[in-house]
Amino acid sequence: MQQNYLDGLNDSQRKAVEHINGPLMIVAGAGSGKTKVLTTRIAHLIRSGVDSFRILALTFTNKAAAEMKERIGHILGNSEARNLFIGTFHSVFAKILRVEADKLGYPRNFTIYDTDDAKSVIKTILTELNLDDKSYKPAFVLNRISAAKNALIGPAEYAEDRLIRQEDERSNRPLIHEIYKRYAIRCYRNGAMDFDDLLFKMYELLVRFPEVLSKYQNKFQYILIDEYQDTNTSQYQIIKMLGAVHENICVVGDDAQSIYSFRGATVQNILQFKDDYQDVNVVKLEQNYRSTQSILNVANRVISNNKNQIEKSLWTDNGTGEKIRIVRTMTDNDEGRYIADTISEMKLRYHYANKDFAILYRTNAQSRAFEESLRKKNIPYKIYGGLSFYQRKEVKDMLAYLRLIVNPRDEENIKRVINYPVRGIGKTSLDRMLIIAGEHNIPLWEVMHNPVGAGLKGAAAAAVENFVIMIKSFQTSLEKDNAYDIAFNAGKHTGLVRELYNDKSVEGLARYENIQELLNSIKEFTETPDEEGELTDKSLGSYLQQITLLTEVGKEDDENQDVVRLMTIHAAKGLEYPCVFSVGLEENLFPSTMSLYDREGLEEERRLFYVAVTRAKERLWITYANSRYRFGNLVSNEPSRFLDEIPSEYSETAYTGTAGNQQRPSFGPRFAQKEQSFEKVPSLKQLADKLQKNTSTAAHTPSADFAADDPAEIQKGMKVEHQKFGFGQVLTIEGSSNNPIATIDFGAGHGQKKIMLFYAKLRIVR
DNA sequence: TTAACTTATGTTTTT
DNA sequence: CATAAGTTAA
C-alpha cells in the first residue's frame, strides 16, 4: 500500500478525505480533484480500519466506476480494492436483485430489458389494445412510464393520480395508464426488468422486506455517491433507506453540472442534502487544477446567469492562457473543415498529439460533418456513443438465444428467434400459440411444449417440438458449463453462426465478425477473475445481466490511443482535454428547441455548456454555423444566446467560410451551382429508366382460360405461361422443396427471371 | 417467404 | 439526408 496517499491534497480535499463518520457533502467544482478525493477517502477509510467489504460506492456511469476501481487499486493494491462494492446504481442493484429475486417473484436469471426491448413490448401492448402507434409513440409512452417509475409511481398510483391523468388526456393519450399497467404485468410475466425497474424494484424490495433492508443496511457501513446532482427520486429514496442506520453517507457533486433531468434527476437532492440529516459536514472544493484562468473566467461568467446555486467560487493557480476563440462559419461543413484545419495547424505549431483534442457536440447527429473533414485530412479519430455494439441486429439475435436459454419465461426472445434461422415456424403457428398462451395466461414456452394441443399440424408441430428440445439441451448444460461454452454451442447448433457465415456480402461479413467479437467478449468475461467475490459467477445468467448495462465493449484502454475524440457533451462529463472544440452554438440546437419551454430547461442547457467549457485545460474553441443541414435542407440559425454571455475581454472572434475566400475562388460560385443542379433535378437517366420500365411492362395479356397449375408439377424444360411475362421455358429449378425457385427464359422482351413457384401463378402449356 | 421498392419520419442528452 | 417501417412483386 502506498504510504503517502495523503500528500498532495489541499486543505479542503484533505478535510473531505479525513472525515470518517457522519453525513458528508462534498461540493466539487469542475476540475477540483473530485475523483482523487473520493478514491483517497475510500483508501483512508480502509486504512483507518474499516472493512473493505462494507463500503459501497455508487457512480453514474460504468466509466466512472472503472476509473475509481483502478485508482483505488493503485493506492491499496488490487486484492484489497477487489472487495469493495463499486458500480453504477443500476449494476449494483441488479446484483442485489439477482440474489433476492425470488422474494419479488422474479427468476434469479431475470432478463434486463434495454430501451429497444422495452419499446417492443410496448408495441405489442399497443396492438393488443388496438391503439395506433402514431399518437401513442412507443418512445413517448416509455418516457412517461420511465418518469413515473423514477418518481416511484407504480401503475396503480399512476392511474389514480388526477394530475397525471389530466396531462395524458390533454396530450390526447388518455390510455397511458392502461398501457403502463399491462406493461408492468407483461414484464413480470416475462421475468424481465427494464432499466428503471432496477431502481424501482430495489426500492420495493427494501420496503416490502424489512429483513432484507436491515441486511443491507448493516452490510454497507459506508456509502459514497458520485455525481449526486444527477440522482433521481428513486435513487434518493433507496440511498436514504440504506444509509439510515449508520448515516455514513458521503455525497459528491456539483449542482452546476446537473445535466440529466430528462432522466428524472433532480438538483433538489443535492440542494437539500443538508436538510436530510443532522450535522451534515459540508466541504467545498473550489480550487480548479484543470483549466487556464481564461477558460475558468468564461465558465464562471456563463454559469452566473443561472439562479438557485450552491454558492462557490472556482479559482485556479494556473496561468491566464490563451483567449477563447469564438468562430463563425457559413455551414456545418465549413465548421468541420475549420476544425480539421485548426487541429492540423495546432499539431504543427505546438506539437500537440491527436489525443489532445476533443470535439464536443450537443447531439450525436452532428458528428458526421467532423468525421468527413477529419477523414479528408487523414486525422485519426474515434466517435464515442451512437448506436452501441449490443444494439446491432445480429448481436441482439444471438443474445436473444442466450436469454431464452437462461429465462424461457420471456416470450420476447422466443418471438425474435423462433424462426431465425428459418425452421418452418411461421407467423400463423406463432400467433396460434400466442393466443393460447394469452387465453390460459401461461407462458408461451409452456404452450410450445404441446404444439399439437395448440392446434398445430404435422410439420409445424414437429418444428416447434424440435425447437423446444434444442433449447432444453442447452439448458441442461447451464449448471456445469460456463457462459462461453454455452454461447459457442448455441451459436453453432441453432444455425445462427452458419447463417451469417453463408452471407458473403460486405454487411454479412461484418455481421459474422460481430458475432465472433461477441463470443470473444464472452470468453473474456469467463476468463477474467471475479471482482466482487461473493456476488459474481461465470454463468451465462451472470454474464447476461451485466451485459445489458454495458454501453461499450470493454476493449483496449483507449486513453493512450492517439486519436481525436468526438462525443456528446453528456458523454464528456468527467473528462478533460488540452484542446476542446465546443461546436454548434446555435439557437434551437444549443440550447435545444426542446429546452426552451421553461426556465429550468434553459438553465440545464446552460449547465451543459458549462460542462463543455470546463472540459478544456489549455485551449478552447467555440464554433457555430450560419446555416446547417437539417433533415436534408439548409436551415439558418441565430447564434446561441450563450455566446452573448461570454465576456469579450476573455475571447476573440473569427469568421471563416464566407463567400469568395474559399479554396476555389475563381469559379467557386459557378461550380457550386452546377453541383446543386445535378442533385436537385431528377436525373435524365432515372427518368429514362422509369419510362422504359413502364413501357416494357405493358405486356402480355393472359390467355382467356388462364389458370395456375400446381407448382409441384412444374418440371425443368416445361413451357409455361406467366400472367405478365407471357410464355417461357423453365431452365432450372433450385432452392429447397418448400421454396423452389425456377429460372425461366421468357425470350426477348423479359429475358431470364428467377421465380418462386409458390407465389407466382404459372400455367403449364401442354 | 423474401427482397426490392416506396414512403414516412425524425434530432436531445443515457443507465 | 438517412433510416426504419410499410408495401408490393416475384
Side-chain angles (χ1 to χ4, degrees), chain A residues 58-65 87-94 112-115 118 123 133-134 137 139 143 146 150 193-199 227 230-232 234-235 258-265 332 360-369 384-388 390 393 419-420 422 424 426-428 546 548-552 567-573 584 588-596 601 604-605 607-608 611-612 628-635 679 693 697 722-725 735-736 738-744 750 753-762:
Chain A
L58 295 171
T59 67
F60 197 61
T61 63
N62 294 303
K63 202 164 29 175
T88 63
F89 280 91
H90 295 266
S91 71
V92 167
F93 294 168
I112 297 175
Y113 281 162
D114 66 18
T115 313
K123 269 186 214 152
D133 57 2
K134 283 211 171 105
K137 285 190 192 112
N143 261 329
S146 168
N150 286 327
M193 297 193 198
D194 64 18
F195 287 141
D196 305 308
D197 282 332
L198 294 176
L199 309 178
E227 309 280 16
D230 288 327
T231 50
N232 61 34
S234 60
Q235 288 162 329
S258 162
I259 54 175
Y260 280 97
S261 72
F262 68 93
R263 264 177 59 182
D332 46 356
L360 309 182
Y361 34 76
R362 178 68 244 264
T363 65
N364 278 308
Q366 285 167 260
S367 69
R368 231 203 37 208
Y384 288 80
L387 76 153
S388 110
Y390 299 104
K393 183 188 172 295
N419 202 32
Y420 180 77
V422 184
K427 195 177 180 304
T428 329
Q546 55 126 53
T548 317
L549 300 172
L550 238 53
T551 346
E552 295 248 344
M567 65 189 96
T568 64
I569 300 165
H570 282 88
K573 193 164 76 157
N588 299 324
L589 178 62
F590 194 12
S592 139
T593 326
M594 318 291 297
S595 71
L596 298 175
E604 178 148 323
E605 293 288 299
R607 290 193 294 267
L608 197 53
V611 169
R628 69 174 60 238
Y629 281 93
R630 254 186 154 180
F631 302 130
N633 34 0
L634 206 57
V635 182
E679 287 196 291
K693 214 175 170 186
T697 342
H722 183 273
Q723 276 181 301
K724 270 189 189 152
F725 299 143
S736 61
N738 50 0
N739 186 26
I741 300 165
T743 308
I744 301 173
H750 300 279
K753 298 261 176 204
K754 291 205 170 189
I755 296 206
M756 291 181 178
L757 295 181
F758 285 171
Y759 301 99
K761 296 184 186 90
L762 289 175

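To find a chain, count down the sequence lines: A is the first, B the second, and so on, and within it residues start at 1.
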Taking any heavy-atom pair under 4.0 Å as a contact, classify Thr115(A): base, sugar-phosphate, or nothing. base
Rounded to whole angstrom units, what separation is found between the CZ atom of Arg263(A) and the C1' atom of dT15(B)? 4 Å
All N/O pairs under 3.5 Å across the protein-nucleotides 5-7 of chain C interface:
none

Does the side-chain ring of Phe262(A) sit on the six-membered ring of the dT13(B) base, less than 5.5 Å centre to centre and under 30° in tilt? yes
Whole-Å C1' distance, dT11(B) and dG6(C): 22 Å
Pick base, sugar-phosphate or nothing for Phe60(A), based on heavy-atom distances below 4.0 Å to the nucleic acid. sugar-phosphate
Rounded to the Å, how far apart are Tyr260(A) OH and dT15(B) C1'? 9 Å
So which atom in Leu596(A) and which in Asn588(A) form the shortest heavy-atom distance, rounded to 0.1 Å? CD1-OD1, 4.1 Å
When rounded to whole Å, the CZ to P distance for the pair Arg368(A) and dA2(C) reads 5 Å
Of the listed dA2(C), dT13(B), dT15(B), the closest approach to the His570(A) side chain comes from dT13(B)
Start at the 5' end of DNA chain B and walk down; is the nucleotide closest to Phe631(A) or to His90(A) reached first? Phe631(A)
Can you see which heavy atom on Asn232(A) is nearest to which on Leu199(A), and at what distance? ND2-CD1, 3.9 Å
Those residues at least two apart in sequence (or on a different chain) that pass ring-ring contact (aromatic ring centres under 6.0 Å, His included) with Phe60(A) are Tyr260(A)
Look at the side chain of Ala571(A) and decide which nucleotide, out of dT14(B), dT11(B), dT2(B), has an atom nearest to it. dT14(B)
Sequence-distant partners of Ser595(A), side chain to side chain donor-acceptor pair (under 3.5 Å), two or more places apart: none
Tell me: CG of Leu360(A) to C1' of dT13(B), nearest whole Å? 13 Å
Going by salt bridge (Lys or Arg N to Asp or Glu O under 4.0 Å), name the residues that satisfy it together with Arg630(A), two or more places apart in sequence or in a different chain. none
Rounded to the nearest angstrom, tell me the gap between atom CZ in Arg630(A) and atom P in dT9(B). 19 Å
In this structure, how many angstroms lie between the P atom of dT15(B) and the CG atom of Asp194(A), rounded? 15 Å
Please work out if Lys134(A) contacts a base, only the sugar-phosphate, or nothing of the nucleic acid, heavy-atom cut-off 4.0 Å. sugar-phosphate
Hey, is the side chain of Asn633(A) poking within less than 4.0 Å of OP1 or OP2 on dC1(C), counting only N and O atoms? no
The nucleotide from dT15(B), dG10(B), dT14(B) with an atom nearest the side chain of Lys137(A) is dG10(B)
Gly424(A) versus Asn419(A), closest heavy-atom pair with distance: N-OD1, 3.1 Å
Take the protein atom CG of Leu549(A) and the nucleotide atom P of dT14(B), then report the distance between them rounded to whole Å. 16 Å
Phosphate contact (dT14(B) OP1 or OP2) by Thr568(A) side-chain N/O below 4.0 Å: yes
Taken to the nearest whole Å, OH/Tyr384(A) to C1'/dT13(B) is 18 Å
Could you list the residues that satisfy side chain to side chain contact (heavy atoms under 4.5 Å, CB included) with Thr568(A), not counting sequence neighbours? Tyr361(A), Asn364(A), His570(A), Ala571(A)
Out of dT14(B), dT15(B), dT2(B), whichever nucleotide has its closest atom nearest the side chain of Thr88(A): dT15(B)
Apply side chain to side chain donor-acceptor pair (under 3.5 Å) to Asp114(A) and list each qualifying residue two or more places apart in sequence or on a separate chain. Lys396(A)
